[in-house]
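The sequence lines fix the lettering, A, B, ..., with proteins before strands; numbering per chain opens at 1.
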Amino acid sequence: YGNIIYSQIRRLGCSVDWDRVTFTMDDHYYQAVIKIFVDLYNKGLVYRGARMINWDTAAQTALSDEEVEYKDVTGKLYFIKYKLAPLAISEIENDGNSEDNFVTIATQRPETIMGDVAICANPNDDRYTKLKGRKVIVPLINKEVPVIFDDYVEKDFGTGILKITPAHDIHDFNIGLKYHLPVIDTLNNDGTISEAGQIFVGEDRFTARKKIIAALKEKGLLIKEEEYPTRLGYSQRSQSIVEPKISTQWFVKMKDLATPALDEVTSDNIRIHPKDKFTATYKYWLENVKDWCISRQLWWGQQIPAWYDEEGKMYVAETEEEARKQQGAQSSEPSAMSSEQSAVINEQLAQGSKIKAQSSKLTRDEDVLDTWFSSWLWPIEVFKGISNPDNKEINYYYPTSVLVTGQDIIFFWVARMIMAGMEYMKEKPFADVYFTGMVRDKLGRKMSKSLGNSPDLLNLIDQYGADAVRFGIMISSPAGNDLLFDESSLEQGKFFNNKLWNALKLVKMWEGNISTSDIEQTTINEGNQFAQKWFENRLAAARMEVDLLMQQFKLSEALKIIYSLIWDDFCSWYLEWVKPEFGKTIAKEVFEKTIDYFDELLQLLHPFMPFITEEIYHLLKERTDDLTVKQFQEIPYLINVVLQSGSHLKELITAIRDARNKNNLKFKEAISICIETNDSTDFDQLMPILSRQVNADAITFGSKPINTTLTLVVGNDTIYIRTEKEIDTAEQLDRLHKDLQYLNGFLISIDKKLSNDKFVQNAKPEIIALEKKKKYDAEIKIETIRQSIDSLQ
RNA sequence: GGGAGCAUAGCUCAGUUGGUUUAGAGCAUCUGCCUUACAAGCAGAGGGUCCGCGGUUCGAACCCGUGUGCUCCCACCA
């Protein structure tokens with residue numbers, strides 16, 4: 001089913017990847033792809049060359065890399081003697097058969113010896129230096145081939161010398177290219193020995209192997225057989241052993257296309273996120289770029305626009321009509337092959353291939369284009385920038401801003417889009433590239449159909465809600481890192497939804513209880529005023545952080561900031577601070593401000609949880625606009641002092657709550673507090689909040705009052721607490737001693753630094769000043785704690 | 001085999017050009033609370049040889065070298 005859809009879409013010229021539909025495409029896109037192919041061909045950037053493919057001899061078809069399964073098996077190495085070709089006639093007469101006159105070569109595939117075109121040793125291998133300039137005779141077919149030397153050969157493997165069979169091994173093929181050796185394909189498509197093999201023609205390759213071994217044995221040329229562990233590729237379709245096979249393919253020259261694409265990234269014109277992780281990969285690929293094989297032997301896809309006449313002459317054109325015109329003009333078609341490649345492809349290959357015309361008609365090349373050959377034009381042709389250049393849309397939308405994609409296609413897609421952009425628009429296609437991670441399961445495995453570990457998103461949405469699923473995925477996807485999918489983060493999202501509803505519920509309860517009298521409005525207490533000032537600044541600070549993180553594409557961290565801003569700062573602190581006492585009204589101004597803050601929070605969260613935020617936005621207040629289109633207001637100027645006072649207040653509340661907790665003082669039991677401080681300036685505005693949050697019926701300032709039951713140290717202040725209940729002082733002392741111990745240790749580490757001459761000489765002045773301040777603060781605190789300890793004893 | 005990257009709390013990760021405390025967050029765990037929005041909650045606590053080793057530096061989670069383990073991409077039948 002998937003294949004049918006895939007092929008249908010591809011026939012329409014749509015580029016599809018199994019895991020993501022890249023785009024849907026109209027006829028104009030199809031035309032654009034053809035146009036670009038012809039253009040590149042005319043520029044001399046497209047050529048025909050040779051390439052190894054994986055061939056399934058049973059199914060008689062080419063296999064993609066994914067269709068080849070590698071298995072560890074025990075293979076056999078056959079050690080075969082090759083005789084040195086005589087240098088002079090005298091040699092034949094003398095000792096032509098002495099051991100010195102033979103070279104032993106190890107091979108797994110003796111049936112390929114008929115395709116040998118050379119033997120090769122490592123240039124640093126002393127054993128074989130004497131072979132320089134010599135030739136050897138291939139056994140059974142008695143053909144002379146040269147001895148060559150290349151670093152590729154490992155001295156320690158086999159006998160340290162190997163046979164070069166370019167038609168049947170990728171390494172041999174590459175060496176063949178390097179040394180301009182011919183290619184002799186000794187296999188037919190069905191895996192039988194071809195005419196070029198000369199002997200055992202028509203026999204299956206494995207039958208031929210046995211017969212060749214027997215023949216070699218008979219002649220005394222097989223020294224030994226040795227078992228060794230190796231890996232073999234098997235066809236996923238037929239389970240037969242995959243045969244590397246030489247084939248003629250279409251290529252795009254990449255060097256000139258890659259250079260501008262590399263420059264755009266190295267000059268930061270295009271920014272990759274996360275930078276350190278992927279720019280290295282990108283650069284490596286482009287600096288070592290290999291020509292791009294764009295032809296595929298599939299029965300679906302966009303056919304290559306090349307036609308052949310009966311003489312085998314090739315015409316590349318956008319349409320068959322155009323090709324016919326070229327044929328009529330009898331223009332002498334220059335060879336599209338690079339000289340290097342054409343030297344390699346032998347006569348037999350060209351004749352035997354499909355390109356031979358069968359009638360006087362033109363025959364179209366049956367190969368189709370690589371998926372990515374259409375995909376790389378995507379940023380341009382979706383706006384018809386190729387089929388209809390300089391139109392309104394392409395001028396408006398190109399270049400676009402951000403490409404979001406997977407790291408696995410950095411080279412396949414991203415790099416090539418940049419290349420196409422630079423070549424055809426003379427401008428980058430996008431300014432930023434953001435790579436998402438791969439979704440993996442809890443165990444770190446890739447999501448796959450065969451493992452069945454892909455989550456059913458629709459089911460999860462039913463279970464947790466759409467926003468919760470979005471939240472769960474966003475919160476656990478740090479930029480560029482893989483995402484380990486775990487339902488616990490969705491649960492967190494679900495709870496967050498609930499929290500938002502409850503905050504709404506609270507605010508809605510206040511709505512019916514707003515005081516409207518002038519007196520109450522003008523006497524908003526200092527606590528409420530401080531709460532507002534503080535939250536405004538807290539909001540501004542968080543928005544600045546979020547802005548920065550979004551610019552850096554750190555989406556999960558931005559969400560974490562927003563999550564904590566809403567849950568902790570807004571719900572746990574602000575709402576508690578302004579919450580009216582039971583049965584009392586809320587000042588109109590406070591209520592309205594609270595709604596404004598809530599609006600802003602929803603707006604921040606909206607990109608992550610669009611549904612619930614939009615819903616609450618409309619439930620909060622009658623309004624005509626929608627959150628999804630609402631624009632952000634400018635971030636107000638930050639007043640740090642307010643934030644500091646807020647932290648101070650939170651510290652006080654936390655410390656007193658903690659003391660209550662530790663001493664089993666229930667919240668209902670009121671306490672009275674006396675604060676001993678050197679600086680009481682900001683306490684005035686904090687008092688109303690503090691007294692309510694810790695249930696203190698009285699707060700005074702001064703030194704230690706009698707009847708003190710609890711003593712704590714917060715910052716540089718000492719807090720004395722009086723309760724009705726008797727409190728065990730041992731625990732308090734223990735705690736104070738612990739703090740003292742920590743601070744003393746801390747002080748020692750600072751003293752060590754400051755008494756180190758080299759530190760004082762070398763460190764920056766601001767670092768030294770900082771250390772001195774740390775020391776000063778610690779000393780004050782130690783003194784405060786000492787006094788508290790004394791007073792307790 | 002070639003290349004890239006990762007290793008910090010039980011788990012997932014922050015840690016911004018080396019100094020902002022004796023390393024932080026969320027989740028999980030533990031303790032105490034049905035306190036008038038929320039037990040899907042509130043208030044707290046515990047938890048780390050920053051993978052091992054060596055080096056540079058006054059100073060290293062951060063820089064360099066090396067070892068180990070893991071992940072990804074490309075390649076792969078002498």
Inset, instruction - Could you state the atom-to-atom distance from CZ of A:R660 to C1' of B:rC33 in whole Å? - result: 12 Å

Legend entry - Any A:K554 side-chain N or O less than 4.0 Å from OP1/OP2 of B:rG15: yes

Inset, instruction - State, without any angle test, whether A:K245 and A:T57 hold a side-chain donor-acceptor pair at a distance under 3.5 Å. - result: no

Legend entry - Touch class at under 4.0 angstrom, heavy-atom based, for A:A106 against every strand present: sugar-phosphate

Inset, instruction - Starting at atom CZ of A:F553, determine the distance to atom C1' of B:rU16, rounded to an integer number of angstrom. - result: 17 Å

Inset, instruction - Name the nucleic acid region contacted by A:I750, choosing base, sugar-phosphate or nothing; use a 4.0 angstrom heavy-atom cut-off, strictly under. - result: nothing

Inset, instruction - Have a look at A:T159 and say if it touches a base, only the backbone sugar-phosphate, or nothing, with a 4.0 Å heavy-atom cut-off. - result: nothing

Legend entry - Side-chain-base donor-acceptor pair under 3.5 Å for A:E557 and B:rA25: no

Inset, instruction - Can you tell me, in whole Å, how much space there is between the C1' of B:rA7 and that of B:rG67? - result: 14 Å

Inset, instruction - Under 4.0 Å between any heavy atoms, over every strand shown, what does A:V760 touch: base, sugar-phosphate, or nothing? Just pick one. - result: nothing

Legend entry - Which nucleotide in B:rC58, B:rA40, B:rC74 has an atom nearest any side-chain atom of A:K758: B:rC58

Inset, instruction - For A:E287, report the nucleic acid contact type (base, sugar-phosphate, nothing); a contact means any heavy atom under 4.0 Å. - result: nothing

Legend entry - Mate of B:rG67 where both pairing distances stay under 3.5 Å, Watson-Crick or G-U: B:rC51

Legend entry - Sugar-phosphate only, base, or nothing, as touched by A:W567 at under 4.0 Å among non-hydrogen atoms: sugar-phosphate

Inset, instruction - Looking at every strand, decide which applies to A:C120 at a 4.0 Å heavy-atom threshold: base, sugar-phosphate, or nothing. - result: nothing

Legend entry - Selected nucleotide, minimal atom distance to A:W285 side chain, candidates B:rC73, B:rA37, B:rC42: B:rC73

Inset, instruction - Rounded off to whole Å, could you give me the NZ-to-P distance for the A:K81 and B:rA78 pair? - result: 23 Å

Inset, instruction - Establish, from distance only, whether the side-chain atoms of A:T594 and A:Y574 form a donor-acceptor pair under 3.5 Å. - result: yes

Inset, instruction - For nucleotides B:rG10 and B:rG48, find the distance between their C1' atoms and express it as a whole number of Å. - result: 11 Å

Legend entry - Ring centres under 6.0 angstrom apart (A:F471, A:Y563): yes

Inset, instruction - Report the residue (A:L575 or A:L548) whose heavy-atom-nearest nucleotide on RNA chain B is the more 5′ of the two. - result: A:L548

Inset, instruction - Report yes or no: do A:S564 and A:D568 form a side-chain donor-acceptor pair below 3.5 Å? - result: yes

Legend entry - Nearest listed nucleotide, side chain of A:C571, among B:rA40, B:rA37, B:rU21: B:rA37

Inset, instruction - For B:rG41, give its Watson-Crick or G-U wobble partner with both distances under 3.5 Å, or none. - result: B:rC33

Inset, instruction - Specify the separation, in whole Å, of atom CG of A:L504 and atom P of B:rA37. - result: 14 Å

Inset, instruction - Quote, to the nearest angstrom, the C1' distance that separates B:rC72 from B:rC11. - result: 22 Å

Inset, instruction - Classify the side chain of A:K505 versus the base of B:rC38 as yes if they form a donor-acceptor pair under 3.5 Å and no if they do not. - result: no

Inset, instruction - Look at the side chain of A:T654 and decide which nucleotide, out of B:rA43, B:rG44, B:rG26, has an atom nearest to it. - result: B:rG44

Legend entry - Whole-angstrom distance between B:rG19 and B:rC51, as gauged at atom C1': 25 Å

Inset, instruction - Decide, yes or no, whether a salt bridge links A:E226 with A:K224 under the criterion of side-chain N to carboxylate O below 4.0 Å. - result: yes

Inset, instruction - Just call it for A:L770: base, sugar-phosphate, or nothing, with non-hydrogen atoms closer than 4.0 Å on any strand. - result: sugar-phosphate

Inset, instruction - Report yes if a side-chain nitrogen or oxygen of A:K774 is closer than 4.0 Å to either non-bridging phosphate oxygen (OP1 or OP2) of B:rU20; otherwise report no. - result: yes

Inset, instruction - For A:Y234, answer base if it contacts any base atom (sugar-phosphate contacts may also be present), sugar-phosphate if it contacts only those atoms, and nothing otherwise; contact means non-hydrogen atoms under 4.0 Å. - result: nothing

Inset, instruction - Would you indicate what A:W501 reaches in the nucleic acid, counting non-hydrogen atoms under 4.0 angstrom: base, sugar-phosphate, or nothing? - result: nothing

Legend entry - salt_bridge(A:E511, A:K508) N-O dist < 4.0 Å: yes

Inset, instruction - Rounded to whole angstrom, note down the C1' distance from B:rC62 over to B:rA23. - result: 12 Å

Legend entry - d(CD, A:E576; C1', B:rA43) in whole Å: 11 Å

Inset, instruction - Name the closest nucleotide to the A:Q492 side chain, picking from B:rA78, B:rA43, B:rG26. - result: B:rG26

Inset, instruction - Using a 4.5 Å cut-off on heavy atoms from C-beta on, say whether the side chain of A:P166 contacts that of A:I175. - result: no

Inset, instruction - Please work out if A:D169 contacts a base, only the sugar-phosphate, or nothing of the nucleic acid, heavy-atom cut-off 4.0 Å. - result: sugar-phosphate

Legend entry - Between C1' of B:rA40 and CZ of A:F471, the distance in whole Å: 13 Å

Inset, instruction - Find the distance A:I656:CD1 to B:rG32:P and express it as a whole number of Å. - result: 23 Å

Inset, instruction - Could you pick out which residue, A:I653 or A:N502, lies toward the 5' side of RNA chain B when each is mapped onto its nearest nucleotide? - result: A:N502

Inset, instruction - Identify whether any heavy atom of A:F496 sits under 4.0 Å from a base atom; if not, whether one sits that close to sugar-phosphate; answer base, sugar-phosphate or nothing. - result: nothing

Legend entry - Rounded distance in Å between the P positions of B:rG65 and B:rG5: 12 Å

Legend entry - Phosphate-side-chain proximity, A:S488 and B:rA28, N/O vs OP1/OP2 below 4.0 Å: no

Legend entry - Separation of the C1' atoms in B:rC70 and B:rG26, to the nearest angstrom: 24 Å

Inset, instruction - Please confirm whether the backbone N or O of A:E576 pairs with a side-chain atom of A:Q693, one donor and one acceptor, at under 3.5 Å? - result: yes

Inset, instruction - Answer yes or no: does a side-chain N or O of A:K499 lie under 4.0 Å from OP1 or OP2 of B:rC42? - result: yes

Inset, instruction - Send over the distance from A:I767 CD1 to B:rU20 P, rounded to a whole Å. - result: 7 Å

Legend entry - B:rC30 and B:rU56, which share atom name C1', separated by this distance in whole Å: 44 Å

Legend entry - N/O (side chain, A:Y563) to phosphate O (OP1/OP2, B:rC27) under 4.0 Å: yes

Legend entry - Contact under 4.0 Å: A:K579 side-chain N or O vs B:rA37 OP1/OP2: yes

Inset, instruction - Let me see the working for A:D569 and A:K650 under salt bridge (charged side-chain N to carboxylate O under 4.0 Å, His left out), right down to the final yes or no. - result: CA-CA 10 Å; A:D569 293 318; A:K650 288 200 269 183; 3.4 Å; yes

Inset, instruction - Give one of base, sugar-phosphate or nothing for A:E243, where a contact means two heavy atoms less than 4.0 Å apart. - result: base

